[in-house]
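FYI, side chains are in, hydrogens and waters are out, and symmetry mates aren't considered; it's all heavy atoms of this structure. To find a chain, count down the sequence lines: A is the first, B the second, and so on, and within it residues start at 1.
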Number of protein chains: 2
Amino acid sequence: MEKQRKAPRGTRKRDVPLSEDGIYATALQLIDADGVEALTMRKLATALDANPMSLYHHVPNKEALLHGVATRVGSQFREGKQEDIPWQDRMRQLALDFRALAHRHPKLMEYSFARADYVQPEDPFWQGLTDTLAAAELPASEIPRVAASLCAVFTGLLLSELTGALQRWTTLPPAPADTDGEGTPPPAEDVVDAMFSFALDAVVAGLESHIARTRKEP
Amino acid sequence: MEKQRKAPRGTRKRDVPLSEDGIYATALQLIDADGVEALTMRKLATALDANPMSLYHHVPNKEALLHGVATRVGSQFREGKQEDIPWQDRMRQLALDFRALAHRHPKLMEYSFARADYVQPEDPFWQGLTDTLAAAELPASEIPRVAASLCAVFTGLLLSELTGALQRWTTLPPAPADTDGEGTPPPAEDVVDAMFSFALDAVVAGLESHIARTRKEP
DNA sequence: ACCTGAACACCGTTCAAGT
DNA sequence: ACCTGAACACCGTTCAAGT
């Protein structure tokens, strides 16, 4: 009767059966557009031109849906440069590559960072991080803890950037209100870039100092 | 500090008119008990023995309610030790004091850290942080950016601890799956404490190196 | 096997009406 | 001024019924 593969007219988005991948993909689109808190099972269904209840045949519930979107995006991470560079440079590059991913899906990543359920052991990011620490000749027994600490630090920096807190804090007055002529400093983006460079340099310096310390007293 | 006038009979919690402070206080109690996502205007009202709509005479909406709870708790921060200690020690102590506050209201702080709207310029934490950086003889022009970066880093560490990500990451396999006899390492708490010490040492070392660098080339 | 309509048990919030 | 009942416009999810 109403076979209608490929709607000859009309603008329906779906002439293909629902699939897990399709659901996750358009969920990500909606999140990119309006943020996680605006995503609704019902809105997602209409975007897929489906009945809201049909989604539950492919995804157990909303929480699992969001988790799935988050881990899929997290696994998209790719390292930009080769690995035959000093570990300090690779560490910096790793963080900047992750920042680039965060900039590609800021609304989702803000949610992901808060849950901190995005890094999976098989993700290239975790692999790159542990590889780099091994290249730095950090004792193998310390690698998991140090890698986890670094994840936490990167999470904090990126989350603070995405929420705007980093920029806001930067414009808070120092201890004594030093009200001179200058109002707000240069545009926020350059400042944030500079803060990342500073923070990454400090992280690398801190790591170097830690490695030197542990080498003295094994 | 829940003095609560003591109802003469009956078990109603409220024999006193609604007040902003009372609303925030019991909201915090409910959050501590069941988490932010379980807090509902309607549940809060019944906990206050009030009609849900009465709340809107004291608080504009739910978002403002949560923001109010978050900033009130953030402003409760107090420094433990005196300020006449080396800046390195004070910096570490500052972070540990903040961690203690986070442990007092973990459910709320998890929410707060994700929004990153808890640090206010007049908060003792921000004051202590900028004071400490000044004591480290960091150039005044750099203090806001460095303080903001440190806030972001502490946020990441504490948030990752509260969500459990820090513990989870620590048990992820390093690069090559090194499956020996050992299952899970010692209890998680000690490990997290140790990770905080490590991270704080690294942060201090990174700061020292940054200060030394900027002193060379002014 | 996959989809769906109706319904349930909730939400936050508006608004006109009470005292 | 402060409070409230009823109502509105949503939610996520269950379930029995359709194809």
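Taking side-chain N and O atoms only, A:His58 has no distance below 4.0 Å to OP1 or OP2 of C:dC2. Regarding contacts with the backbone of C:dG12, a side-chain N or O of B:Thr40 is found under 4.0 angstrom from either OP1 or OP2.
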May I have the step-by-step check of side-chain contact (heavy atoms from CB on, under 4.5 Å) for A:Phe196 and A:Leu166, ending in yes or no?
CA-CA 10 Å; A:Phe196 263 87; A:Leu166 211 47; 4.2 Å; yes
Where do A:His210 and B:Asp201 land on the side-chain hydrogen bond (donor to acceptor under 3.5 Å, both in side chains) test, with the steps shown first?
CA-CA 8 Å; A:His210 175 76; B:Asp201 287 348; over 6 Å; no
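Spacing between atom CG of B:Leu65 and atom P of C:dG12 amounts to 10 Å, rounded to whole angstrom units. The distance between atom NZ of B:Lys62 and atom C1' of C:dC11, rounded to the nearest whole Å, is 8 Å. When rounded to the nearest whole Å, the span between CG of B:Leu48 and P of D:dT4 equals 12 Å. For the pair A:Leu18 CG and D:dT19 P, the interatomic distance rounds to 19 Å; values are reported in whole Å. In this structure, CD of B:Glu63 is placed 19 Å from P of C:dC11, rounded to the nearest angstrom. Between the P atom of C:dT14 and the CE atom of B:Met41 lies a distance of 10 Å, rounded to the nearest Å. Computed from coordinates, the A:Arg42 CZ to C:dG5 C1' distance equals 12 Å when rounded to whole Å. For the pair B:Tyr56 OH and D:dC8 P, the interatomic distance rounds to 17 Å; values are reported in whole Å.
In this structure, A:Asp21 pairs ionically with A:Arg72, as a charged nitrogen and a carboxylate oxygen lie closer than 4.0 Å. Electrostatic pairing of A:Asp34 and A:Lys107 does not count as a salt bridge here, judged by no charged N lying under 4.0 Å from a carboxylate O.
Considering every non-hydrogen atom in both B:Ala148 and A:Thr170, the closest pair reads CB-OG1, 3.7 Å.
Comparing A:Met53 and B:Met53 by the nucleotide of DNA chain C whose heavy atom lies nearest to each, the residue mapping closer to the 5' end is A:Met53. Projected onto DNA chain D by closest heavy-atom contact, A:Pro60 and A:Ala38 fall at different nucleotides, the more 5' of which corresponds to A:Ala38.
Side-chain N/O atoms of B:His57 and base N/O atoms of D:dC3 include a donor-acceptor pair closer than 3.5 Å.
Applying the Watson-Crick and G-U wobble criteria (two distances, each under 3.5 Å), C:dG12 pairs with D:dC8. With a 3.5 Å ceiling on both atom-pair distances, the Watson-Crick or G-U wobble partner of C:dG18 is D:dC2.
Picking from D:dT13, C:dT4, D:dC11 the nucleotide with the shortest atom distance to the side chain of A:Asn51 gives C:dT4. Looking at the side chain of A:Ser54, the nearest of the listed nucleotides D:dC3, D:dG12, C:dC3 is C:dC3.
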